[in-house]
**Q** 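Below you'll find the structure I mean.
All ligand and atom numbering here is 1-based and tracks the order in the structure.
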Amino acid sequence: MDFQNASTDVAFVEAEPLVAAVERAIDSAQALDPLVLSLVVLAAVGLVLGGWWVVRWVRRPPGVRFQSVLAEYDDVTVLMHPNPDPDAMACAMAVDAIADAVDTDTTLQFPGEIRHQENRAFRTVLGLDLDQIASSSALASEAVVLVDHNTARGFTGAQTVEPVAVVDHHPGNGTGTDFTDVRTDYGAAATLLVEYLDDLGAGTDNDTDPDFSAELATGLLYGIQSDTDHLTNGCSRAEFEACGTLFGELDEDLLERIANPQVSDDVLQIKATAITEKRVEGSFAICDVGAVSNTDAIPQAADELMQLEGVTAVVVYGENDGTIHLSGRSRDDRVHMGETLRYAVSDIPMANAGGHARMGGGQLSVEHMRGLGPADGVDKTEFEEQLFSALAGER
Ligand SMILES: [Mn+2]
C-alpha cells in the first residue's frame, strides 16, 4: 500500500461517524414541523448576522465613531482652550472638515486671546474663522466638542459645560458624554485628528469627503510641529506616522508663511533688552525688561535668552498695568522652574507662580510687592536675590 492510499483510508474511517451523525440530524429535522424548522433556521441566521453587525459596530475605528457622534447634531461648537495654540486651532479645523462631510454645522470658539505672532500668522494665513467668547452664554450651540483640553476653562460658566466629545492628549479627568479619546502618550492632539481623517479615507485617491485640503494638512502638520518642538520633544511614533500621512498634501509656501511671521517691534525690543540687560550668576540669567505693552513678549524673551551658550536656566519679568509677569525656562536638571518660581514669590501676598520642571510662569501685583499691612515687602533687588538663591537651590 502506498502512502496516498493509506491517508485516504484514515480519512474514510474518521468520516464514517460524521456521515451517520448528519443522517441522524436530517432524520430528526424531518420529524420536526417544517414551520418550526424554518423559524429555527431564520433565528440562527439572524443571530449570526446580528453578531457580525455588533462586532463591526464595536470595532469601528475612532474616526468613524467620532464622525457618527457629530452626525447626530445639526450644530456643534468646537471649543479650543484659552489662548489657543496651533495644535488646538489645527484640531478645530479638522473637526470642522469631519463635521462638514455629514452636514453638521460648526462654530470654532475660544476664550482668551490669540497674541503670539505665530498663532496670529496661523489664523490669518490659513484663513480661520474663529470666534472669541468670554462666557458660556456665548457658546454657539448646546453640543460642545473640546479639542486639545478635556475640561472647559478660562471663561465665565466654563464649569457648567458638559461636552459631547473630547479629543485631547493632556492628562485629566474630563470626558465627553458621547465620545472621549484622550491619549496622553501623544505629542499633539492634531495627531489624533490626522488618524481620524485617515480612518475616514481622506488622503486616498478616492473622491472621499472629508479630504485633506492644503490648508488643513498644513495646519495639522504645523500643530504637530509646534507641540513637539519640531518633532524633538515628547513625540510618539504616531506623530511621525501622521507627518507621513500629511506629506503629500502639504503646501510648503503656506507652511513657510506661518513658521516665519513678522515679529512686532515691541517683541524684538524686549528680546534685545533681555539680551543686553540680563544679570548672570553662574549659569543662571535673570532680566527685568521693565514696562511692556505685550506680555506675550516676556516668555519669548525667556526662550531667546535660553539660546545663550552656558545659560541653563533663565527668568525674565516685566510689568504691565500694575502686574509683574514672570516667565522662566530651565534645561538644568537641578532646577525645577515651577517650584523655583513658587518659592521665589512665596513671601509676596496674593502672588501666584508655578509650572513644570522646564517651564514656569507667575504673576504678582506691584502694589503687593511693596508689602501689605505689617509685611515689609520686597524691592526688585531683593526679589532678584531671592530668585537667584531659589535657582541655586539655597532655601
Ligand atoms: Mn496640544
**Q** Name of the Asp227 N, O or S atom nearest the Mn ion (ligand 1)?
**A** OD2
**Q** Hey, can you tell me if His81 and His170 have their rings parallel, tilted or perpendicular (30° and 60° cut-offs)?
**A** perpendicular
**Q** Whether the side chain of Asp296 engages the backbone of His116 through a donor-acceptor N/O pair (distance < 3.5 Å, no angle test) should be reported.
**A** yes
**Q** For a distance under 2.8 Å, tell me if Asp87 has an N/O/S atom near the Mn ion (ligand 1).
**A** yes
**Q** Please answer whether the main-chain N or O of Asp75 pairs with a side-chain N or O of Asp105 as donor and acceptor at a distance below 3.5 Å.
**A** no
**Q** Within 2.8 Å of the Mn ion (ligand 1), is there any N, O or S atom belonging to Cys91?
**A** no
**Q** Quick check: closest heavy atoms across Val314 and Ala302, and the distance to 0.1 Å?
**A** CG2-O, 3.5 Å
**Q** Could you tell me which N, O or S atom of Asp148 is nearest to the Mn ion (ligand 1)?
**A** OD1
